[in-house]
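Worksheet: one structure, shown below.
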Amino acid sequence: EPEVTQTPSHQVTQMGQEVILRCVPISNHLYFYWYRQILGQKVEFLVSFYNNEISEKSEIFDDQFSVERPDGSNFTLKIRSTKLEDSAMYFCASSEAIGTGELFFGEGSRLTVL
Amino acid sequence: KNEVEQSPQNLTAQEGEFITINCSYSVGISALHWLQQHPGGGIVSLFMLSSGKKKHGRLIATINIQEKHSSLHITASHPRDSAVYICAVMGNTDKLIFGTGTRLQVFP
């Protein structure tokens with residue numbers, strides 16, 4: 001069964017460092033998403049991406065965050081200068097269609113900022 | 001007030017019991033998702049609904065668009081159903097709004 005894969009599964013970094021989280025969506029999917037879940041809290045939408053550009057972003061997704069799909073397969077989330085409050089589980093997801101398309105999630109990347 | 005409310009927050013059941021988890025939302029939606037989050041953190045999509053009812057194995061999901069309410073039912077519950085069940089809605093954009101989840105524990 002096709003799946004969304006994420007790397008790394010866990011990353012520990014120092015405050016102020018740049019972090020890149022990588023995702024390989026399902027190959028025929030067109031819509032890509034990043035979500036985050038701070039420990040003990042609900043999942044939150046960060047950003048959606050379609051046709052090589054951001055289609056929607058939340059207020060959390062400020063200038064410290066960026067996404068790109070550099071090679072047509074990987075979908076990356078970059079955090080330029082990490083803060084303690086960026087510590088969370090980050091989930092990538094993809095779908096074939098917007099709105100009514102089933103979402104497929106990766107296993108998540110746990111980011112710990114010290 | 002949260003745009004997506006789930007009840008109960010925690011649920012304990014004996015194996016074999018019928019379980020219902022409820023979700024109410026306050027925004028217009030194009031679709032509602034029921035998700036399962038395993039103890040390890042991974043998220044699996046169970047259902048995506050825009051109307052009516054869907055069934056998959058022992059799981060049934062219903063939605064009432066007029067009442068802005070959805071339910072997830074588990075028949076003949078089993079300890080392996082223990083997980084957090086999350087309701088999430090998608091409005092007119094592709095931003096998914098999540099509920100806080102219902103933690104289910106099924107004991108043998």
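Hydrogens, waters and symmetry mates play no part in the numbers below; they use all other heavy atoms, side chains included. Per chain, numbering begins at 1; letters A, B, ... match sequence-line order. Quantities reported herein were computed from a predicted structural model and do not represent experimental measurements.
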Any non-hydrogen side-chain atom of B:His78 less than 4.5 Å from a side-chain atom of B:Val106? no
Do A:Leu77 and A:Val19 sit in the same hydrophobic cluster, where Ile, Leu, Val, Met, Phe, Trp and Tyr count as joined when their side-chain heavy atoms come under 4.5 Å apart? yes
Examine whether an atom of B:Ile86 lies under 4.5 Å from a heavy atom of chain A, and if so say whether it belongs to the side chain, the backbone or both; otherwise answer neither. side chain
Within-4.5 Å side-chain heavy-atom neighbours: A:Phe61 and A:Ile54: yes
Okay, B:Ile97 and chain A: the region with an atom under 4.5 Å from a heavy atom over there is neither
Heavy-atom distance under 4.5 Å to chain B: side chain of A:Gln6, backbone, both or neither? neither
Could you check A:Phe49, A:Phe75, A:Tyr50 and say which one makes a ring pair (Phe, Tyr, Trp, His ring centres under 6.0 Å) with A:Tyr31? A:Tyr50
